[in-house]
There are 2 protein chains.
Amino acid sequence: MNERPVLSFAMRMIQHPAIEDVALSQVLYALSDPVRLGVVRQLAQGGEATCSALDAGRPKSSMSHHFRVLREAGLVRTRTDGPAHMNELRRDELERRFPGLLTVVLAAQAEAPGRT
Amino acid sequence: MNERPVLSFAMRMIQHPAIEDVALSQVLYALSDPVRLGVVRQLAQGGEATCSALDAGRPKSSMSHHFRVLREAGLVRTRTDGPAHMNELRRDELERRFPGLLTVVLAAQAEAPGRT
DNA sequence: ACGATAGTTCGAATATAGTCGAACATTGAA
DNA sequence: TTCAATGTTCGACTATATTCGAACTATCGT
């Protein structure tokens with residue numbers, strides 16, 4: 001039988017869920033990891049970025065995992081740009097699906113402020 | 001040596017973190033579980049409730065776990081009321097610490113709406 | 001002091017997540 | 001077509017979560 005992968009072009013098609021199919025729990029979970037929250041914050045500020053630009057010293061395989069979680073939660077859209085992958089927040093879509101959520105999360109002070 | 005628990009009264013004091021010491025990730029994580037999100041929604045609607053009133057058929061030990069996660073994330077305050085424990089949302093405090101967060105989460109449509 | 005009720009804690013089993021190196025895939029450029 | 005650059009996938013390991021029964025604790029009423 002043919003052992004070669006059929007439709008190898010499918011590998012480069014990066015899948016994104018329709019925003020309607022994303023569950024609230026899923027989004028909250030994706031945002032609950034400090035690494036991923038950091039990525040989202042940076043994307044919110046910088047507009048878009050490659051995976052490696054936001055790795056914070058972590059290995060590629062770890063970052064790839066986190067970006068996948070963000071993608072599957074509908075938070076991030078990834079498009080291929082040459083050999084790199086460009087990521088951007090799905091802000092407008094998220095705003096429709098969960099009004100105010102991203103705004104509130106981005107505005108929040110993540111860590112406990114130092115208390116005397 | 002004295003093997004008896006000293007200060008056994010401390011056992012009945014239910015501990016709650018200061019709202020300032022709660023991290024955003026922690027809150028998002030606590031809310032990312034459907035069972036806990038359901039509890040929060042019910043508390044938001046009903047004002048307050050005992051643990052067993054919201055168990056949705058789950059065993060006590062499981063619910064106790066979820067309530068502990070909610071407490072440690074600063075979402076819920078538990079006070080003892082006779083043999084029962086009364087829980088209520090720490091809405092005002094949460095609103096100060098993470099403005100708009102709880103409101104937005106409660107307003108959100110949790111599940112994907114049916115799509116034709 | 002006893003029993004009934006409501007939760008907590010413990011322990012063990014299972015499940016899910018995060019981490020990271022190594023191998024692989026894709027792209028564009030030389 | 002070979003190479004360097006950028007991510008993805010795989011596999012293994014570790015860590016953390018969830019679940020639930022059983023034993024325990026606290027509280028109130030009798």
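Letters go in sequence order (proteins before strands), and every chain restarts at 1.
- Within the 4.5 Å cutoff, side-chain heavy atoms of B:V40 are placed close to those of B:L70.
- Side-chain contact between A:I14 and A:R77: absent, with no pair of heavy atoms (C-beta onward) separated by less than 4.5 Å.
- Residues meeting the salt bridge (charged side-chain N to carboxylate O under 4.0 Å, His left out) test with A:R79, sequence neighbours left out: A:E48.
- In this structure, the side chains of A:L106 and A:R41 come closer than 4.5 Å at one or more pairs of heavy atoms.
- The CG atom of A:L75 sits 8.5 Å away from atom CZ of A:R90, with the distance rounded to the nearest 0.5 Å.
- The shortest side-chain heavy-atom distance between B:L28 and A:V27 does not fall under the 4.5 Å cut-off.
- Near DNA chain C, meaning a heavy atom under 4.0 Å away, the residues from residues 81-91 of chain B are B:P83, B:A84, B:H85.
- Taking the charged nitrogens against the carboxylate oxygens, B:R68 and B:E72 do have a contact shorter than 4.0 Å, which makes a salt bridge.
- Cluster partners of B:Y29, using a side-chain heavy-atom cutoff of under 4.5 Å among ILVMFWY residues and allowing indirect links, are A:Y29.
- Within residues 26-33 of chain A, the residues having any heavy atom under 4.0 Å from DNA chain C are, by residue number, A:Y29, A:D33.
- Contact check of residues 43-73 of chain A against DNA chain D (heavy atom, cut-off under 4.0 Å) returns A:T50, A:C51, A:S52, A:K60, A:S61, A:S64, A:R71.
- How far CZ of B:F67 is from CG of B:D55: 9.0 Å, rounded to the nearest 0.5 Å.
- In this structure, CD of A:Q15 is placed 13 Å from P of D:dT8, rounded to the nearest angstrom.
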Show which side-chain atoms of residues 57-64 of chain A pair as donor or acceptor with protein atoms under 3.5 Å away, not counting sequence neighbours.
none

